[in-house]
Amino acid sequence: MREKIIDLLKKHPGQYVSGEEISKLLAVSRTAVWKHIKVLQEEGYEISALSKNGYRLERIPDKMLAEEIKNGLETKWLGQEIRYFSEVGSTNNIAKMLGDENAKEGLLVIAEQQNAGRGRLGRNWVSPAGKGLWFSLLLRPKISLLEASQLTIMTVTAIAQVLRNDFNLPVGIKWPNDLLWNGKKVAGILTEVKAEADIVNYVVLGIGINVDMDHNSLPKEIHQTASALSQIKGQPLPRIFLLQKILKGIEVMYEKYLDEGFEFCLKLWKEYNVTLGQEITITTWQKKIKCFAMDLDRMGGLIVLLPDGSRQTFHSGDVTLKNS
Ligand code: BT5
């Protein structure tokens with residue numbers, strides 16, 4: 001209902017719409033309209049209310065509010081159910097909790113700011129308020145545990161495709177989960193899986209994209225190693241429109257992945273990647289190895305050529321590119 005009220009007010013820019021008219025058009029009581037308006041105001045919408053004239057929308061907040069995300073979202077099911085938080089520990093934790101409570105596939109958990117954002121292996125993900133897209137998606141694919149890592153490749157490829165094709169942002173993929181520009185990280189993905197035996201119960205795709213940070217506003221910890229989409233573009237980008245396009249891109253690619261398999265994701269990943277054909281250092285729990293990145297295997301593992309001429313495939317690890 002709140003979406004519909006905002007929609008109606010947006011259709012009358014600069015004008016008051018009476019409570020009576022809203023209640024008639026949307027078939028709810030005037031009291032209900034007033035209550036919804038109050039919630040919208042609490043969310044940050046500036047709405048003037050005059051007892052004689054009704055309600056007028058003055059300003060839409062620059063926040064990732066559910067009403068704004070859904071308005072213009074072209075997905076069938078991904079992100080159609082939204083949980084928005086102004087501040088949260090980690091959106092992945094909330095999505096996992098809701099996954100355990102049987103939330104439906106497609107749920108989007110999004111926050112303006114995370115105060116305990118997580119990377120892989122317990123690392124920190126810096127997520128300052130209003131500066132990026134910090135969100136998690138709940139999926140329930142019928143795949144085996146082994147196949148779940150393919151979803152990281154699928155997701156990073158879908159995001160790269162949207163950024164490159166729809167926004168003309170020439171990002172490249174570094175294996176397995178980073179989007180880079182000029183050797184600096186602009187986005188990362190943390191895939192978490194709940195499985196029983198070998199069957200996946202749910203997958204949470206945690207996605208962090210630095211959108212609006214100029215070089216000076218980059219937090220100290222990542223000042224040298226990170227960048228943001230606004231730096232590539234040289235101007236701010238509309239976060240909501242970006243998110244809507246990314247959700248659509250992921251939905252399309254995920255459905256294709258389920259229908260046709262992983263092969264086409266691999267092909268696209270290879271087209272967008274900046275890892276293969278390079279001398280790299282791969283760091284795992286046990287060791288740090290200088291090698292040459294050759295190819296991806298059928299599961300998305302990285303095949304490398306070692307200095308002694310042998311080949312090895314890695315399914316996890318951190319890659320440092322020689323030239324970054
Ligand atoms: C990742 O981990 O790249 C996965 C990041 C996933 C973040 C999303 S945000 C929504 C959801 N909720 C969460 O709690 N997490 C997900 P990894 O490859 O381990 O990279 C982590 C490393 O990247 C850190 O050790 C820093 O060096 C660096 N880093 C931290 N914050 C960054 C940022 N905002 N931009 C670029 N680099 C960053």
Side-chain angles (χ1 to χ4, degrees), residues 64 79 82-99 107-139 149 151-153 155-156 159-160 163 171-193 202-215 217-232 239 242-243 246-247 250 274-275 280-285 300 302 314-321 324:
M64 305 303 297
I82 301 172
R83 298 291 173 96
Y84 166 82
F85 298 87
S86 56
E87 188 175 347
V88 83
S90 155
T91 55
N92 262 36
N93 291 357
I94 308 264
K96 285 197 290 183
M97 196 182 79
L98 295 169
L107 173 76
L108 163 67
V109 180
I110 185 156
E112 218 63 61
Q113 172 176 8
Q114 296 184 114
N115 52 40
R118 292 189 288 113
R120 294 174 301 148
L121 308 168
R123 285 185 292 231
N124 177 38
W125 184 258
V126 180
S127 329
K131 299 288 185 192
L133 293 174
W134 327 124
F135 65 102
S136 301
L137 298 168
L138 181 73
L139 299 179
S149 64
L151 291 176
T152 305
I153 300 281
T155 306
V156 81
I159 299 174
L163 296 180
V171 291
I173 305 173
K174 188 183 78 159
W175 186 87
N177 68 330
D178 289 356
L179 284 180
L180 302 187
W181 176 68
N182 270 355
K184 295 189 171 178
K185 183 157 170 168
V186 293
I189 295 166
L190 171 67
T191 307
E192 296 188 286
V193 184
Y202 63 75
V203 175
V204 169
L205 298 173
I207 299 166
I209 305 175
N210 301 336
V211 181
D212 195 12
M213 299 181 191
D214 61 34
H215 190 64
S217 72
L218 276 172
K220 235 188 14 239
E221 311 92 290
I222 54 169
H223 204 256
Q224 299 305 323
T225 53
S227 188
L229 302 184
S230 62
Q231 287 190 47
I232 312 178
R239 283 189 304 155
L242 197 59
L243 176 67
I246 287 171
L247 290 175
I250 295 176
V274 291
T275 313
I280 61 165
T281 303
I282 185 155
T283 310
T284 66
W285 280 116
L302 181 65
F314 289 89
H315 296 284
S316 63
D318 276 310
V319 165
T320 315
L321 302 176
S324 69

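Just follow the structure's listing: the first ligand is 1, and inside any ligand the first atom is 1. Just so it is clear, the structure is predicted and the values come from calculations on it, not from any experiment.
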Any protein heavy atom < 4.0 Å from atom 2 (O) of ligand 1: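 Given the 4.0 Å limit, the answer for atom 2 (O) of ligand 1 is yes, a protein heavy atom qualifies.
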Please name the pair of heavy atoms, one in [X] and one in [Y], separated by the smallest distance, quoted to 0.1 Å.
X      : Y      : answer
Lys184 : Ser227 : CB-CB, 3.8 Å
Gly172 : Val274 : CA-CG1, 3.9 Å
Trp134 : Gln114 : CB-NE2, 3.7 Å
Ile280 : Thr275 : CG2-O, 4.3 Å

Is the closest side-chain donor-acceptor distance between Ser136 and Thr91 under 3.5 Å?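 Their side chains do contain a donor-acceptor pair, which is all the 3.5 Å distance test asks for.
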So for atom CZ, which belongs to Arg120, do other residues, nucleotides or ligands contribute more than 12 heavy atoms lying within a distance under 6.0 Å?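 Atom CZ in Arg120 is packed in, count exceeds 12.
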Per-atom contacts, ligand 1 versus [X] - under 4.0 Å to a heavy atom:
X      : answer
Asn210 : 33 (C), 34 (N), 35 (N), 36 (C)
Ile189 : 3 (O), 4 (C)
Thr91  : 10 (C), 11 (C), 12 (N)
Ser90  : 12 (N), 13 (C), 14 (O)

Min N/O separation [X] to ligand 1 under 3.5 Å:
X      : result
Arg123 : yes
Val126 : yes
Trp134 : no

Heavy-atom pairs closer than 4.0 Å: do any link ligand 1 to the side chain of [X], the backbone, both, or neither?
X      : result
Arg120 : both
Ile222 : side chain
Asn177 : side chain

Can a non-hydrogen atom of [X] be found less than 4.0 Å from any atom of ligand 1?
X      : result
Ile207 : yes
Gly117 : yes
Thr225 : no

Can you tell me which residue and heavy atom of the protein come closest to [atom], and the distance to 0.1 Å?
atom                    : value
atom 36 (C) of ligand 1 : Ala226 CB, 3.4 Å
atom 37 (N) of ligand 1 : Trp125 CZ3, 3.8 Å
atom 9 (S) of ligand 1  : Gln114 NE2, 3.3 Å

Within-4.5 Å side-chain heavy-atom neighbours: Met213 and Pro128: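 Yes; the side chains approach each other to less than 4.5 Å.
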Would you mind finding which of Leu180, Asn124, Ile110 brings a heavy atom closest to atom 30 (C) of ligand 1?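 The residue whose heavy atom sits nearest atom 30 (C) of ligand 1 is Asn124.
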For atom 15 (N) of ligand 1, which of the options Arg118, Lys131, Lys185 provides the nearest non-hydrogen atom?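 That would be Arg118.
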Per the side-chain contact (heavy atoms from CB on, under 4.5 Å) rule, which among Leu107, Val204, Ile207 passes with Leu137?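 The residue from Leu107, Val204, Ile207 that satisfies side-chain contact (heavy atoms from CB on, under 4.5 Å) with Leu137 turns out to be Ile207.
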Donor-acceptor contact below 3.5 Å, side chain Glu87 vs main chain Ala111: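 Answer holds: no.
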Listed by chain and number, what are the salt bridge (Lys or Arg N to Asp or Glu O under 4.0 Å) partners of Lys96, not counting sequence neighbours?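 Partners of Lys96 under the salt bridge (Lys or Arg N to Asp or Glu O under 4.0 Å) test: Glu192.
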Lys185: what forms a side chain to side chain contact (heavy atoms under 4.5 Å, CB included) with it, not counting sequence neighbours?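 Partners of Lys185 by the side chain to side chain contact (heavy atoms under 4.5 Å, CB included) criterion, ordered by chain and then number, come out as Trp125, Asp178, Leu180.
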Residue pair Leu243, Leu108: steps toward the side chain to side chain contact (heavy atoms under 4.5 Å, CB included) verdict: CA-CA 11 Å; Leu243 176 67; Leu108 163 67; 4.3 Å; yes
